K.L.:
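Take this structure, written in structure tokens, and hold onto it; I'll ask about it next.
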Amino acid sequence: MNQEQISLILQSSSRFPPPEGVKLSYGTAGFRADASLLESTVYRVAILAALRSLKTQSVIGLMITASHNKVSDNGVKIADPNGGMMTQHWEPFADALANASDPHEFLKLIEEFVRKEDITFDGGHAAEILLGRDTRPSGETLLEAAKQGISSIVGAVAHDLGILTTPQLHWMVSSSCSFLLLLQKLIVDGANGVGGEKLEVLKELCDTLVIEIRNSGKTGGVLNEGVVADFVQKEKVVPSGFGAGDVGLRCASLDGDAR
């Protein structure tokens, strides 16, 4: 780890001191306790998730939930790239991180584990973590702690997916390549027809989809003229309203009847 990474961990971890007199253990359900005790733990597990992502070169999941426990409890656990639970091999490290007494001990544990696991911070893959939580009132505060932990690893990216069931998060992690593609912006040529109108409705229903509609018919334009999927496919040219600035972006073109 370089000096920037070391400083970032020391600074952020100082804001999340562990609760005094409490020792937590990571098991099948992850960490669970009274929610008031978990801010530090969730912050540290988020860093663990980022390290797991760097190690596996894959997307990792972090779920904030205490399942069937009472509402005043909460918990946190990690989903591995295959959608299953975090490998048991990492559980002792999770325990050590959660129970580290101060930022310097916390940093030392990370440095030793990074060397042991041969985790690199300057490779081609940035850590990427999908975040989910249940409906407990404490979830929002703990989610923020998780985001702070992830941002403590240089280049790491957190995707806040809001309120989810635990199986949903595990599925999203295991299907991360296709799922993350859905989170990217999509620009659609509506062919100045019905497709543009119906996409506006779809945008309202699916607020997680980022859709930009061009050639919607609202600003003039003639149905199927210089636009439309058939025109793009046969003429091998971009539709009206698209240009060089759109190279590399996700784009689609509809027919006038929205096929």
Side-chain angles (χ1 to χ4, degrees), residues 12 16 24-88 90-91 93-94 97-98 125-153 155-186 205-210:
S12 64
F16 293 92
L24 299 170
S25 179
Y26 194 102
T28 303
F31 290 111
R32 287 186 187 175
D34 186 284
S36 64
L37 303 173
L38 285 178
E39 265 193 276
S40 169
T41 304
V42 173
Y43 158 82
R44 294 175 179 203
V45 170
I47 288 181
L48 178 67
L51 295 178
R52 186 74 185 144
S53 179
L54 291 175
K55 172 66 177 180
T56 61
Q57 300 282 285
S58 303
V59 171
I60 293 294
L62 186 150
M63 185 69 191
I64 298 171
T65 180
S67 186
H68 55 269
N69 283 34
K70 59 187 178 181
V71 69
S72 58
D73 286 351
N74 217 322
V76 59
K77 59 183 177 179
I78 288 175
D80 256 0
N82 63 2
M85 296 180 291
M86 182 182 73
T87 178
Q88 289 185 334
W90 277 45
E91 289 183 8
F93 178 54
L97 282 188
H125 174 83
E128 201 161 3
I129 298 91
L130 304 185
L131 299 173
R133 62 184 177 91
D134 67 15
T135 58
R136 295 166 195 268
S138 58
E140 290 188 18
T141 298
L142 296 180
L143 177 69
E144 182 57 33
K147 290 179 179 178
Q148 291 289 318
I150 292 167
S151 65
S152 298
I153 299 299
V157 177
H159 298 284
D160 178 4
L161 305 179
I163 294 174
L164 298 173
T165 67
T166 299
Q168 278 181 307
L169 181 74
H170 282 259
W171 177 85
M172 290 171 179
V173 172
S174 65
S175 308
S176 58
C177 288
S178 56
F179 178 73
L180 287 175
L181 193 61
L182 293 176
L183 297 180
Q184 298 175 17
K185 181 179 181 179
L186 175 64
L205 295 174
C206 304
D207 57 4
T208 56
L209 295 178
V210 183

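These numbers come from a predicted model, not from an experiment.
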K.L.:
Can you find a heavy atom in the side chain of M86 that is under 4.5 Å from one in the side chain of L48?
P.N.:
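Side chain of M86 against side chain of L48, heavy atoms only: contact under 4.5 Å found.
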K.L.:
With heavy-atom distances below 4.5 Å as the criterion, would you say the side chains of E144 and E140 are in contact?
P.N.:
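Answer no - side chains too far apart.
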K.L.:
Check the pair L38, L24 against side-chain contact (heavy atoms from CB on, under 4.5 Å), reporting the backbone distance first and the verdict last.
P.N.:
CA-CA 10 Å; L38 285 178; L24 299 170; 4.1 Å; yes
K.L.:
With rounding to the nearest 0.5 Å, note down the distance linking CG in D34 to OG in S138.
P.N.:
8.5 Å
K.L.:
Just so I know, are the side chains of L131 and H159 near enough to count as touching, which here means a heavy-atom distance under 4.5 Å?
P.N.:
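Side chain of L131 against side chain of H159, heavy atoms only: no contact under 4.5 Å found.
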K.L.:
How far apart are the closest heavy atoms of I150 and A156, and which atoms are they?
P.N.:
O-CB, 3.2 Å
K.L.:
If you measure only the distance, is there a donor-acceptor pair under 3.5 Å linking the side chains of R52 and T56?
P.N.:
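R52 vs T56: no donor-acceptor pair found between side chains.
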K.L.:
Please evaluate residues D80 and I60 with respect to the criterion side-chain contact (heavy atoms from CB on, under 4.5 Å), reporting the C-alpha separation (whole Å), side-chain torsions for both, the decisive distance (0.1 Å), and the verdict.
P.N.:
CA-CA 6 Å; D80 256 0; I60 293 294; 3.9 Å; yes
K.L.:
State, to 0.1 Å, how close S67 and R136 come at their nearest heavy-atom pair, and which atoms those are.
P.N.:
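Looks like O-NH2, 2.7 Å.
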K.L.:
Of all the heavy-atom pairs spanning L62 and A49, show the shortest one and how long it is.
P.N.:
CD1-CB, 4.2 Å
K.L.:
Let me confirm one number: the CD-CD distance from E39 to Q148, rounded to the nearest 0.5 Å.
P.N.:
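Here the rounded value is 10.0 Å.
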K.L.:
Does any non-hydrogen side-chain atom of V76 lie less than 4.5 Å from one of L142?
P.N.:
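L142 does not reach V76 side chain to side chain.
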K.L.:
In sequence, state the C-alpha distance, the side-chain angles, and the governing distance for I78 and W90, and then conclude on side-chain contact (heavy atoms from CB on, under 4.5 Å).
P.N.:
CA-CA 11 Å; I78 288 175; W90 277 45; over 6 Å; no
K.L.:
Looking at side-chain heavy atoms only, is the closest gap between L186 and V210 below 4.5 Å?
P.N.:
no
K.L.:
Of all the heavy-atom pairs spanning T41 and A98, show the shortest one and how long it is.
P.N.:
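The answer is CG2-CB, 4.3 Å.
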K.L.:
So, does R44 use its side chain to make a donor-acceptor pair with the main chain of A94 at under 3.5 Å?
P.N.:
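Side chain of R44 to backbone of A94, a donor-acceptor pair under 3.5 Å: no, none is there.
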K.L.:
Which residue in the set V45, N74, D134 passes side-chain contact (heavy atoms from CB on, under 4.5 Å) when paired with I64?
P.N.:
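Among V45, N74, D134, the one that satisfies the side-chain contact (heavy atoms from CB on, under 4.5 Å) with I64 is N74.
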K.L.:
Do D73 and R32 have side-chain heavy atoms sitting under 4.5 Å apart?
P.N.:
no
K.L.:
Describe, in one word, how the ring planes of Y26 and F31 are oriented to each other, choosing from parallel (under 30°), tilted (30 to 60°) and perpendicular (over 60°).
P.N.:
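It falls in the perpendicular class, over 60°.
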K.L.:
Which atom names give the shortest non-hydrogen contact between M63 and L164, and what distance separates them?
P.N.:
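Here M63 and L164 meet closest at CE-O, 3.2 Å.
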K.L.:
Nearest heavy-atom pair of A46 and A146: which atoms, and what distance?
P.N.:
CB-O, 3.1 Å
K.L.:
Does the side chain of Q168 come within less than 4.5 Å of L161's, by heavy atoms?
P.N.:
no
K.L.:
With no hydrogens and no angle check, is any side-chain donor or acceptor of S53 less than 3.5 Å from a backbone partner on E128?
P.N.:
yes
K.L.:
Is there a side-chain contact between L54 and I153 (heavy atoms, below 4.5 Å)?
P.N.:
yes
